[in-house]
Amino acid sequence: MDLKCIFGLVIIVSRISISFTLNVNVVIQGSTPIAETDDNFVCATLDWWPTEKCNYNQCPWGKAGLLNLDLKKKVLINAIKAFNSLRIKVGGSLQDQVVYGVGEVKNCPNFMKKEGSLFGFSQGCLPMERWDKLNNFFNQTGEKGLWAGDWKSQNARDFMKYTISRGYKVDSYEFGNQLSGAGMGARVEAEQYGKDVIVLKNMVKDLHPDPKTQPKVLGPSGFYDEKWFNVFLEVSGQGVVDGVTHHIYNLGPGDGLNLITKIQDPSYLNQVAQTYRGVFNIVNKFKLQSGAWVSESGGALQGGAKDVSPTFANGFWYFDQLGMASTYNHKVFCRQTLIGGNYALLNSTIFIPNPDYYGAVLWHRLMGSIVLAVTQVSNPNLRVYAHCAKKKPGVSIIFINLSKDSSFDVTLSGYEHHRRNLRSTDVAKPNFEFTSHLNREEYHLTALGGDIQGQIVLLNDVPMVPTDTFDIPAMDPKLVNTSTPISVTAHSIVYVTIRDFHAPVCV
């Protein structure tokens, strides 16, 4: 017994000896916004993949596809309800092979493995009985909006008419899936895509004549290619495409050997900013009303990586993507998937949340739509993004510590205060200062036992697991005096809401 105690002490001392704490000042510009997201920025997808979908000698989809998902699972229902309005995208790689069991379509088969076919599967069909069940499920969970999209003109029209007749609410129709640029298994020329989307737009206007309730038309839902996107939007013309959607899989294939290294490398994470900037510029050029959306992003391609995607470590990538996309004025970010594959927010077999789920709920609850400029030059391993708080007043900030060795003690200042100190020794009260002595609200996400490739996340040192009745556990903040620095430990993700941080744009 004594030997075990001594050994434990040695381990603790060893860990302390290799870690260190750095002081960091973070400057927040609170007078003007740099971007604005949709109120329902966090989005998740449901995909078509059947049980037989396999990659890398594994088949991680189980019964999580749209046609076989158990919609009565209480933990699934509660996981969606916890968002109190979650935007859901219905679609995926097989979308371009979907027909709808309505109108002239009498034979409605499931997807079947078929050698030589696109993605190795035959055409599949969505029966209207299943569509009814899905919409009943969405209504039960109170989700925000629903996308549907496939392109066979008459069949799509019949499907829309059926949807309208049943009173189902559709937020947007997205045209195609991964057919832009070089495509993914298949491609369509930009000119043809532009002509086809005009037909879709006219169909939507015809079936939804009231502009106030008319669903948006989005596209092209593929990987960004500057030349292709430009031609597509030039051909379609003004007032046709409401918003540009694109996909992000910047970690590469799910069987990559260095995924865990990429996720913790700030210079690697920064590379995707070029894509966000390109899409941002093209949206400004064509003045698209609904802006830019990431309509699918799972990090690693083809189902994700089984040892990374469902673990705590994936949050270093995911939450950095949410932050980066928001700073480039993206309105929505859809995680591939809500359930299904290794990259799901919910475990595809037992339906309980994976670590990223809890951080996604916190983002949705805390981070408002107004995005603020943030500066910190001390250490690239500390990623920081700030928004006006979702529930006014104040600001909400996310800190992502990529380092396994360094902790950070963060002090905050406003841009005006920072600029004043650079110019003079004037000690007049700057406009960033706290107007009272309220406590700030902190949410510290860490990995159980420090194992970032584990699947249990701690919130303020409490394990996040559903209750015995399959309810999502309480996600309460700890209250910390605003006069103290914000502690961001190694390999942690921290949300902070400060109600009395004076940012004029957040009033």
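Looking only at atom types and distance, the side chain of Tyr162 has a donor-acceptor partner in the side chain of Asp132 under 3.5 Å away. A donor-acceptor contact closer than 3.5 angstrom links the side chains of Asn270 and Arg383.
Thr51 contributes a side-chain N or O that, together with a main-chain N or O of Gly62, makes up a donor-acceptor pair within less than 3.5 Å. Judged purely by atom type and a 3.5 angstrom limit, Thr489 has no side-chain atom pairing as donor or acceptor with the backbone of Ser492. Gln271 contributes no side-chain N or O that, together with a main-chain N or O of Ala273, makes up a donor-acceptor pair within less than 3.5 Å. Within the 3.5 Å criterion, the main-chain N or O of Ser295 finds a donor-acceptor partner in the side chain of Lys89. Side-chain N or O atoms of Arg440 include none that pairs as donor or acceptor with a backbone N or O of Val480 at under 3.5 Å. Using a distance-only test at 3.5 Å, with no hydrogens or angles considered, a donor-acceptor pair links the side chain of Ser326 to the main chain of Gly323. Without hydrogens or angle criteria, Lys391 side chain to Arg365 main chain gives no donor-acceptor distance under 3.5 Å. Side-chain atoms of Ser348 come within 3.5 Å of backbone atoms of Gly340 as a donor-acceptor pair (strictly under, hydrogens ignored). Side chain of Asn177 to backbone of Gly92: a donor-acceptor contact under 3.5 angstrom is found. When atom types are taken as modelled, the side chain of Asn68 and the backbone of Gly65 share a donor-acceptor pair closer than 3.5 angstrom.
Geometrically, Lys74 does not engage Phe470 in a cation-pi contact, judged by NZ or CZ lying under 6.0 Å from the ring centre and within 45° of the ring axis. A cation-pi arrangement is present between Arg335 and Tyr318 under the rule of less than 6.0 angstrom and at most 45 degrees off the ring axis.
Under the 4.5 Å side-chain criterion, counting only non-hydrogen atoms from C-beta, Ile397 is not in contact with Tyr495.
Taking the six-membered ring where the residue is Trp, the centroids of Tyr357 and Phe83 are separated by under 6.0 Å. Between Phe159 and Trp131, the ring centre distance stays below 6.0 Å. The six-membered or imidazole ring of His387 lies near that of Trp363, with a centre-to-centre distance under 6.0 Å. Ring centers of Tyr276 and His330: under 6.0 Å apart, within the cut-off.
Heavy atoms from other residues, nucleotides or ligands lying under 6.0 Å from NZ of Lys306 number 12 at most. Heavy atoms of other residues, nucleotides or ligands lying less than 6.0 angstrom from CG of Asn84 number 12 at most. Residue Asp210 qualifies as enclosed at atom CG: its count of foreign heavy atoms under 6.0 Å is above 12.
For Val361 against Met475, the heavy-atom pair with the smallest separation is CG1-SD, 4.0 Å. Taking all atoms of both residues into account, the shortest heavy-atom contact from Gly394 to Cys506 is O-CB, 3.7 Å. The two atoms that bring Ile400 and Asp320 nearest to each other are CD1-N, 3.5 Å, heavy atoms only.
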Exercise for the section: Check step by step if salt bridge (charged side-chain N to carboxylate O under 4.0 Å, His left out) holds for Glu441 and Lys478. Expected result: CA-CA 6 Å; Glu441 303 156 22; Lys478 69 175 182 177; over 6 Å; no
Exercise for the section: Test Thr482 against Asn439 for side chain to side chain contact (heavy atoms under 4.5 Å, CB included), laying out the working first. Expected result: CA-CA 5 Å; Thr482 54; Asn439 290 326; 5.7 Å; no
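Screening Lys53, Gln336, Gln95 for a side chain to side chain donor-acceptor pair (under 3.5 Å) with Asp47, the sole residue that qualifies is Gln336.
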